[in-house]
Structures are given as C-alpha cells and as structure tokens.
Amino acid sequence: MVEICTSDEWRPAAEHALEFAQGQVRNLIEHDPGFYPMYSEGGRWRHGKEAWTHWCDGFLPGMMWIFAKHTKDPYWFAAAERYSRPLEERKFDRDVHDLGFIFFSTYHRWHELSGDAELDAVVIQAGQTLAKRFQQKGEYLSSFMGPESVFIDIMANVGIIVYAAQKTGDEALLDVAFKHCLTSQKRLVRGDGSTAHEGIFDLETGEFLRQTTQQGCRGDSCWSRGLAWAIYGFTSVYEATKDPRFFEAARACANYYIVNTPADGVPLMDYDFPPDVEQRRESSAAAITAAALFRLARVVPHPAQGALYDGVARRIITTLATPPYLASETPGWEGILKEGIYHLDKGLGVGESVMWGEYFFCEALDRALTPIA
Ligand code: GLY
C-alpha cells in the first residue's frame with residue numbers, strides 16, 4: 001500500500017528534480033540537436049535498437065512546453081516550437097493510436113500558452129484522424145496491432161477525440177469517444193480495478209473474445225503501465241465530460257494502484273509477476289500515475305478523497321525525485337529518471353530512461369509546484 005505523504009518533504013525534492021530535468025533536456029538538445037529519442041540504452045539516448053512503434057515524438061517537446069510554462073524562459077519557448085513544428089504532419093497519421101500523446105503534449109500546450117487558433121486546428125485534426133480507428137461492431141478504437149485489437153493505452157489518447165468533438169460540436173465524434181471509453185471500461189477494467197493490456201474482438205460479429213497482453217507478463221495479469229494509462233485516461237475524460245461512469249473507472253483503477261503498490265509508490269512492472277521471475281520496478285508507470293492523481297485530486301466530489309490522491313501523488317514524486325530513480329548521481333546518464341521499462345520481452349529499454357516517463361514526471365512536478373488558481 002502506498003504511504004501517503006503528509007509533510008512538506010516533497011517540495012525541495014520536486015524543485016531540485018525539475019531543475020535537474022531542465023539541465024538534462026538542455027544537454028540533450030545542445031549535444032544532439034534535432035534528435036527525438038525514445039528510450040536509453042545504458043543511460044545513453046543514441047543507440048541502434050528498434051522503436052517497435054512510433055509514438056513518442058511529442059514527449060521531448062512536451063517537456064520543453066512544461067519548462068516554458070513553468071519558467072517563462074524564452075529559451076524553452078524557442079526550443080519547444082522548433083521541436084513541435086516537425087510533428088504537424090502527423091495529425092494525419094493513421095498508423096498509430098497515439099495521436100493524443102503526440103499532440104496534447106505539443107500543439108495543445110502551445111495553443112494554451114499562445115491562444116493561436118491555427119495550433120488548435122492541428123489538435124482538432126489529430127482528434128478527427130484518431131477517430132478513424134473506430135470499429136463499429138465492437139465499439140472501440142483499434143490499436144496499431146490490427147483492427148481486432150484494443151489497448152488500454154488508447155484511454156490516454158481518446159481525450160483528444162473528446163476535445164475535437166467539444167471544440168467542433170460534432171456529436172458523432174463525441175459518440176465514438178464515449179463508446180471507446182465504455183468498451184474499455186467493460187472489457188479491460190476488471191472488477192477489482194486492475195486492467196488488462198489488450199482485448200481481442202471477433203471482427204465479423206463484434207464479440208469480445210479475450211484479454212491478452214503485449215507488454216505485461218500474461219493476458220490475465222495487470223501490467224502497471226497499462227493501469228497507469230487507465231488512471232490517466234479515465235481521469236482526463238471525466239475532467240472533460242463529467243460523466244460519473246468515467247470517474248468510477250478512474251477511482252477503481254487508482255484504488256487498485258494505491259492498495260497494491262509498495263509504500264514508496266513505485267510499482268513492479270507487472271502486479272502478477274510469477275515469484276520465480278526477477279521483480280523489476282517500473283518508474284514510468286509511477287510518473288504517469290502521479291500526474292493522473294494530481295488531476296483526479298482536483299476533480300473528485302469529496303475533499304477527503306482529493307487529499308488521499310494528492311498525498312499519494314506527492315509520495316510518488318518524492319520517491320522518483322531521489323536516487324536510485326533520479327539519475328542525478330549517476331555520472332554520464334543522459335536521462336532524468338532511471339528504472340523505466342519499455343518492453344521486457346523484446347529487451348527494449350529495460351531499467352532505462354524512457355521518454356514518456358520523463359514527460360509525465362515533469363508534468364507531475366509542474367502540477368505539484370503550480371499553485372491552484
Ligand atoms: N505502447 C505504449 C507503452 O509502452 O506504454
């Protein structure tokens with residue numbers, strides 16, 4: 001069970017970590033300009049290992065937008081714009097289910113800081129493109145694996161369809177987003193609040209066939225990053241729609257995380273690892289969850305529940321802002337957070353820095369350190 005942080009110990013740790021994060025990103029973009037890394041190998045961003053899927057390019061500029069908002073430093077505005085612009089064409093990308101990751105981190109943040117309607121139009125187009133993955137028969141957005149597959153990860157992206165629908169008043173688009181969320185809740189969130197990574201449907205009939213996984217340890221296990229995507233995703237659609245069904249899903253998943261994660265707030269890569277397998281922690285799942293819980297804490301109906309989520313999120317960032325997770329005491333390590341895992345079975349980014357972990361950690365730090373208006 002995660003121990004709630006009740007003191008102010010988190011603040012100096014978070015301030016130091018956000019400074020450190022800016023230094024690491026600055027080093028990266030000055031020593032390797034124009035490079036968008038995905039995960040490190042031995043702590044180095046440049047290596048020749050495969051990407052598996054192309055979903056991470058928004059996270060590096062996304063961190064720059066967080067730094068720009070937080071510091072108001074023109075250096076970060078210029079760098080963020082330079083690294084965001086080349087992503088615009090991906091608003092038409094039909095190959096990935098990750099357009100929320102790519103555009104909420106970049107063009108949406110950019111639009112929020114500038115108010116420029118052309119930037120908003122890019123985000124709206126990305127939402128419309130993502131909606132084209134909708135499978136009418138099973139009522140879900142299909143994953144990049146194929147039309148029969150849905151991932152829990154897509155919950156962290158579907159918010160961009162809700163956004164596009166609300167901005168344009170397109171009820172059919174909103175319906176696609178709602179149906180995907182409800183299918184994910186029904187098929188991928190279990191009664192105890194744990195989540196399956198992937199669901200498989202019969203394309204002829206739309207019948208749900210089974211839960212399975214690409215990155216967890218088995219089909220009936222709970223992969224911790226999938227759970228984190230669920231907490232983040234259901235929280236963001238609840239924030240946008242105020243539909244209590246999405247709050248219920250976010251609450252159930254958050255509760256599973258809080259009850260089943262070690263006291264320091266960082267989960268194992270999978271909650272159901274068999275005992276004979278090396279038990280590895282997964283820092284990026286913790287970073288995503290911290291960012292999600294700060295959001296959830298601000299929209300819960302009951303203040304006591306908000307204090308719980310806030311206290312757990314502060315525990316997580318305090319742990320992550322300290323070695324062995326923070327890389328501040330590892331000379332030559334180029335990332336911010338150690339001990340992330342991209343894909344254990346494929347041997348990609350195991351015990352490494354991963355770009356989404358870096359991004360959501362910075363988002364969580366920014367949320368913790370920004371006074372509520
Ligand atoms: N495929 C998204 C993730 O690794 O979380």
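Every value quoted in this text rests on a predicted model; they were computed, and no experiment measured them. Sequential numbering from 1 along the given sequence is applied to the chain's residues. Every number for a ligand or one of its atoms is a count from 1 in the order of the listing.
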Discussion item. Closer than 4.0 Å to some heavy atom of Arg225 - which atoms of ligand 1 meet that?
Written reply: 3 (C), 4 (O), 5 (O)

Discussion item. Working to the nearest 0.5 angstrom, can you tell me the gap between Cys5 SG and Arg314 CZ?
Written reply: 7.5 Å

Practice prompt. For the pair Phe144 and His97, name the ring-plane relationship: parallel under 30°, tilted 30 to 60°, perpendicular over 60°.
Written response: tilted

Worksheet item: Do Arg44 and Glu41 sit within salt-bridge range, that is, some charged N less than 4.0 Å from a carboxylate O?
Response: no

Item to complete: Enumerate the atoms of ligand 1 whose separation from the nearest heavy atom of Trp229 is less than 4.0 angstrom.
Response: 3 (C), 5 (O)

Discussion item. Closer than 4.0 Å to some heavy atom of Trp55 - which atoms of ligand 1 meet that?
Written reply: 2 (C), 3 (C), 4 (O), 5 (O)

Worksheet item: Can Trp333 and Ser353 be counted as having a side-chain donor-acceptor contact under 3.5 angstrom?
Response: yes

Worksheet item: Is the closest heavy-atom distance from Phe101 to ligand 1 below 4.0 Å?
Response: no

Item to complete: Among all protein heavy atoms, pick out the one at the shortest distance from atom 2 (C) of ligand 1; state its residue, atom name and that distance to 0.1 Å.
Response: Asp153 OD2, 3.1 Å

Item to complete: Have a look at ligand 1 and work out which part of Gln214, if any, has a heavy atom under 4.0 Å from it: side chain, backbone, both or neither.
Response: neither

Practice prompt. Using a 4.0 Å heavy-atom threshold (strictly under), name the region of Tyr39 that reaches ligand 1: side chain, backbone, both or neither.
Written response: neither

Discussion item. Using a 4.0 Å cutoff against the non-hydrogen atoms of Tyr342, which atoms of ligand 1 qualify?
Written reply: 4 (O)

Worksheet item: Can we say Arg245 and Asp243 salt-bridge, meaning some charged N sits less than 4.0 Å from an Asp/Glu carboxylate O?
Response: yes

Discussion item. Applying side-chain hydrogen bond (donor to acceptor under 3.5 Å, both in side chains) as the test, list every pair that has at least one member in residues 146-168; sequence neighbours left out.
Written reply: Asp120-Tyr163, Asp120-Lys167, Ser143-Ser149, Ser149-Glu198, Asp153-His197, Tyr163-Lys167

